[in-house]
Trainee: 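Before I ask anything, here is the structure I am working with.
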Amino acid sequence: MDGVRAVGAGSGGERGAAAGGRERRGGVGKGERVADWADGRLGLYGIAKANLRKVFPDHWSFMLGEICLYSFLILILTGVWLTLFFEPSGVEVEYHGTYEQLNGVLMTRAYESTLEISFDVRGGLLIRQIHHWAALVFVAGMLVHMMRVFFTGAFRKPREMNWLFGWTLLFLGIITGLTGYSLPDDLLSGTGLRFAQGAILSVPIVGTYLSFFLFGGEFPGHDIISRLFPIHVLVLPGIMLALVVAHLILVFYHKHTQYPGPGRDQKSVVGMPFMPVYMAKAGGFFFLVFGVLTFMGAIATINPVWAFGPYRADLVTTGAQPDWYLGFSEGLIRVMPGWEINAFGHTLALGVFIPFSLFPLIMLAIGVYPFVEAWITGDTREHHLLDRPRNVPVRTALGVAWLSLYGVLLIGGGNDIVATHLHLSINAITWFVRIGFFVVPVVAFVVTKRICLGLQRRDRDTVLHGRETGIIKRLPHGEYVEVHEPLSQERLFALTQHEQDPPYEVGPLVDANGVRRRVGPVDRLRARLARAMFGPGTRIPKPTVEEYRELTSGDHHH
């Protein structure tokens, strides 16, 4: 009996322990159990702990990248919705629908389905316009964001690859926009496709074959819409989504750049944590961008395809203009003289081929610039602090020169609209653009460089003499002076923290033993470029500690 009781007691104790275990497990929340299960298999807790408290600096210019991201997300959301109703077919049908002005007109099924989205699907026109406005804002945001990165030097090591990701996104965004507004097959988009087909035909030897391959025969063919559709809704967005994810991963990995200030250096970041502060701000900003785009789509008509009518190869719209981000490419072709070379039974249309070649060359120059500057400077250090554009005058001047060139070509791309609205001769505008193509960027470069040097001089005087207060004081001997107020340490640091390293030089041509060194043409070119971009003529020397102490030790600030 004792043995039985002992066994029974032991069994009861085990049952009690098991019950207690069940009670403890029952006290754990279901969400916590799911989190524990996921962490045991995916290691999410360690990843979240390391990244959700990551610090991000705060500055209004950093929101430019967020505008790009949120516009891209809105494009995906609205694009998926439009895909449900759009039919990418080149089959010809006769329209009998809500828009009575086009009843009985022959058109493709793609154009008819676009009209149905605009007039028959509830909210269809609003979604179409949000999608189009988001595309414009997306490309504009990427361009301005890349200019911010360029002017502040945020592309330097270790962010060269991120620059290439952003550059590729800009290029793909332009191509995606071209394929997107070509899908409705209205008269405007068909004119744009005809423009693109003419540029393709100008490619020597293979141009005709490329055109036949893309359009499925003679222009306009019957296959181009059905071929553009998967490229626009699947291929290009998929590649761009992957690039956006890679871009954000590198931003997390390298940490965000920041403007100079107290406590900020190459190793530490001053700002707010990703969770919860940054995420809360980012979420609110996303809905703000969505709201603004919805407001624009509701009140501002864009791409009214019903006003243009269906595409016909023998017609062209009056004042046909591409979206602004392709305006400079059309400007190149519109102002280029119609040169041709006829040889061996072939015609080379230089008036189209040269501008068509300049477009990728200009884009290529933008993409490789970080590597060119790193080669010129020979700087292999990591840079997490941003430059003030005034402290790098040549780089800033190059950026402004490019923007001025873009503006001139944009005028050329809309020379007919400018002529009719300003009552000017289209020939006069064309010649202005031709001359401005060479003159305006040079003038913009020189003026910008001089402005940057002037701002550097003002910063130097401000550091040495303090801030002007506007208060006039009369000294005992009768002299009137303006009272200057010493700068705070924070302001002094911001004005003097930039480096002024000597530019690369080839060194003496004769070594210590009197033997002449062999200096190759590549090294000579590098030295010339370094002197032109970072030499004495591109910077105003910062005040030295001795100069500052000498001027501030006495009653120099009054």
Trainee: Evaluate the criterion side chain to side chain contact (heavy atoms under 4.5 Å, CB included) for residue pair Leu405 and Val440; output intermediate values, then yes/no.
Mentor: CA-CA 7 Å; Leu405 174 63; Val440 171; over 6 Å; no

Trainee: Give, for atom OG1 of Thr430 and atom CD1 of Ile435, the distance between the pair rounded to the nearest 0.5 Å.
Mentor: 11.0 Å

Trainee: Measure from the ring center of Tyr504 to the ring center of Phe534 and say whether it is less than 6.0 Å.
Mentor: no

Trainee: Should Val352 and Met336 count as side-chain neighbours, where that means a heavy-atom distance under 4.5 Å?
Mentor: no

Trainee: Nearest 0.5 Å please: distance from the CD1 atom of Ile376 over to the CE atom of Met533.
Mentor: 5.0 Å

Trainee: Got a donor-acceptor contact below 3.5 angstrom from the Glu482 side chain to the Gly470 backbone?
Mentor: yes

Trainee: Evaluate the side-chain proximity of His498 to Arg388: yes if any heavy-atom separation is below 4.5 Å, no if none is.
Mentor: no

Trainee: Rounded to the nearest 0.5 Å, what's the gap from NE2 on His247 to CE on Met240? Could you check?
Mentor: 12.0 Å

Trainee: Should Arg458 and Arg390 count as side-chain neighbours, where that means a heavy-atom distance under 4.5 Å?
Mentor: yes

Trainee: Distance check, rounded to the nearest 0.5 Å: Asn427 atom CG versus Arg434 atom CZ?
Mentor: 8.5 Å

Trainee: Working note: Thr462 + Arg491, criterion side chain to side chain contact (heavy atoms under 4.5 Å, CB included); need CA distance, chi angles, decisive distance, verdict.
Mentor: CA-CA 10 Å; Thr462 303; Arg491 186 61 177 161; 5.8 Å; no

Trainee: If you take all heavy atoms of His254 and His384, which pair is closest and at what distance?
Mentor: O-CE1, 3.5 Å

Trainee: In this structure, which one of Leu136, Asn303, Leu178 forms a side-chain contact (heavy atoms from CB on, under 4.5 Å) with Asp323?
Mentor: Leu136

Trainee: Can you name the closest pair of heavy atoms from Ala532 and Thr538 and give their distance?
Mentor: O-CG2, 3.2 Å

Trainee: Could you check Asp459 against Lys542 for salt bridge (Lys or Arg N to Asp or Glu O under 4.0 Å), going step by step and ending with a plain yes or no?
Mentor: CA-CA 9 Å; Asp459 288 346; Lys542 295 190 299 182; over 6 Å; no

Trainee: For residues 201-210, which side-chain N or O atoms pair as donor and acceptor with protein atoms under 3.5 Å away, sequence neighbours left out?
Mentor:
from: Ser202; atom 1: OG; to: Ala199; atom 2: O; distance (Å): 2.5

Trainee: Say whether, by atom type as modelled, one donor and one acceptor occur between the side chain of Ser71 and the main chain of Cys68 under 3.5 angstrom.
Mentor: no

Trainee: Return yes if some donor-acceptor pair links the side-chain N/O of Arg457 with the main-chain N/O of Cys452 below 3.5 Å, else return no.
Mentor: no

Trainee: Closest approach of Pro57 and Thr257, non-hydrogen atoms and distance?
Mentor: CG-O, 3.3 Å

Trainee: Does Pro541 offer a backbone N or O that forms a donor-acceptor pair with the side chain of Arg460 under 3.5 Å?
Mentor: yes

Trainee: Hey, which of Arg156, Arg526, Arg395 is the one that makes salt bridge (charged side-chain N to carboxylate O under 4.0 Å, His left out) with Glu373?
Mentor: Arg395

Trainee: Should Met146 and Leu170 count as side-chain neighbours, where that means a heavy-atom distance under 4.5 Å?
Mentor: yes

Trainee: Does the separation of the ring centres of Trp375 and Phe371 fall below 6.0 angstrom?
Mentor: no

Trainee: Set out, in order, the CA-CA distance, both residues' side-chain angles and the distance that settles salt bridge (Lys or Arg N to Asp or Glu O under 4.0 Å) for Asp501 and Arg381, then state yes or no.
Mentor: CA-CA 13 Å; Asp501 299 323; Arg381 299 169 299 171; 3.3 Å; yes

Trainee: May I have the step-by-step check of side chain to side chain donor-acceptor pair (under 3.5 Å) for Asp387 and His383, ending in yes or no?
Mentor: CA-CA 10 Å; Asp387 290 329; His383 294 273; over 6 Å; no

Trainee: Taking Trp163 for its side chain and Ile366 for its backbone only, find out whether a donor-acceptor pair lies under 3.5 Å.
Mentor: yes

Trainee: What distance separates Leu410 CG from Glu330 CD, expressed to the nearest 0.5 Å?
Mentor: 10.0 Å

Trainee: If you look at every heavy atom in Ile426 and Asp416, which pair is closest and at what distance?
Mentor: CD1-CA, 3.9 Å

Trainee: Take atom NZ in Lys255; do more than 12 heavy atoms of anything else shown fall under 6.0 Å from it?
Mentor: yes

Trainee: For the ring pair His59 and Tyr259, is the centre-to-centre distance below 6.0 Å?
Mentor: yes

Trainee: First locate atom CG of Asp461, then atom CD of Gln456, and finally report the distance between them rounded to the nearest 0.5 Å.
Mentor: 12.0 Å

Trainee: Evaluate side chain to side chain contact (heavy atoms under 4.5 Å, CB included) for Glu66 paired with Phe286, printing each intermediate quantity in order.
Mentor: CA-CA 8 Å; Glu66 295 184 47; Phe286 168 77; over 6 Å; no

Trainee: Any idea which heavy atoms bring Ile200 and Ser211 closest together, and the distance?
Mentor: CG2-N, 3.9 Å

Trainee: Among side-chain atoms of Thr347 and Glu340, is any donor-acceptor pair under 3.5 angstrom?
Mentor: no

Trainee: Under the ring-ring contact (aromatic ring centres under 6.0 Å, His included) criterion, do Tyr181 and His132 qualify, and how do the steps go?
Mentor: CA-CA 8 Å; Tyr181 76 67; His132 205 128; 7.1 Å; no

Trainee: Is it true that, when you exclude Met363 itself, more than 12 heavy atoms of the residues, nucleotides or ligands shown sit nearer than 6.0 Å to its CE?
Mentor: yes

Trainee: Side-chain contact test, heavy atoms from C-beta onward, threshold under 4.5 Å: evaluate it for Met272 versus Val55 and give yes or no.
Mentor: no

Trainee: Which atom pairs, donor and acceptor, lie under 3.5 Å between side-chain atoms of residues 148-155 and protein residues at least two apart or in another chain?
Mentor:
from: Thr152; atom 1: OG1; to: Arg148; atom 2: O; distance (Å): 2.7

Trainee: For the residue pair Asp58 and Val270, establish whether any side-chain heavy-atom pair is separated by less than 4.5 Å.
Mentor: no

Trainee: When you measure from the side chain of Thr420 to the backbone of Ile417, do you find a donor-acceptor pair of N or O atoms at a distance under 3.5 Å?
Mentor: yes

Trainee: Have a look at Phe328 and tell me which of Val408, Ile411, Leu409 forms a side-chain contact (heavy atoms from CB on, under 4.5 Å) with it.
Mentor: Leu409

Trainee: Could you check whether any side-chain heavy atom of Ile362 comes within less than 4.5 Å of a side-chain heavy atom of Trp402, counting everything from C-beta outward?
Mentor: yes

Trainee: Quick check on Phe432: does its CZ atom have over 12 non-hydrogen neighbours (other residues, nucleotides or ligands) under 6.0 Å away?
Mentor: no

Trainee: So Val277 and Phe56, side chain to side chain contact (heavy atoms under 4.5 Å, CB included) or not? Walk me through it.
Mentor: CA-CA 10 Å; Val277 178; Phe56 280 81; over 6 Å; no

Trainee: Side chains of Arg531 and Arg528, heavy atoms from C-beta outward: is any pair under 4.5 Å?
Mentor: yes

Trainee: Answer yes when Glu485 and Arg467 have at least one side-chain N-carboxylate O distance shorter than 4.0 Å, and no when they do not.
Mentor: yes

Trainee: For the residue pair Pro355 and Ile333, what are the closest heavy atoms and their distance?
Mentor: CB-CG1, 3.5 Å

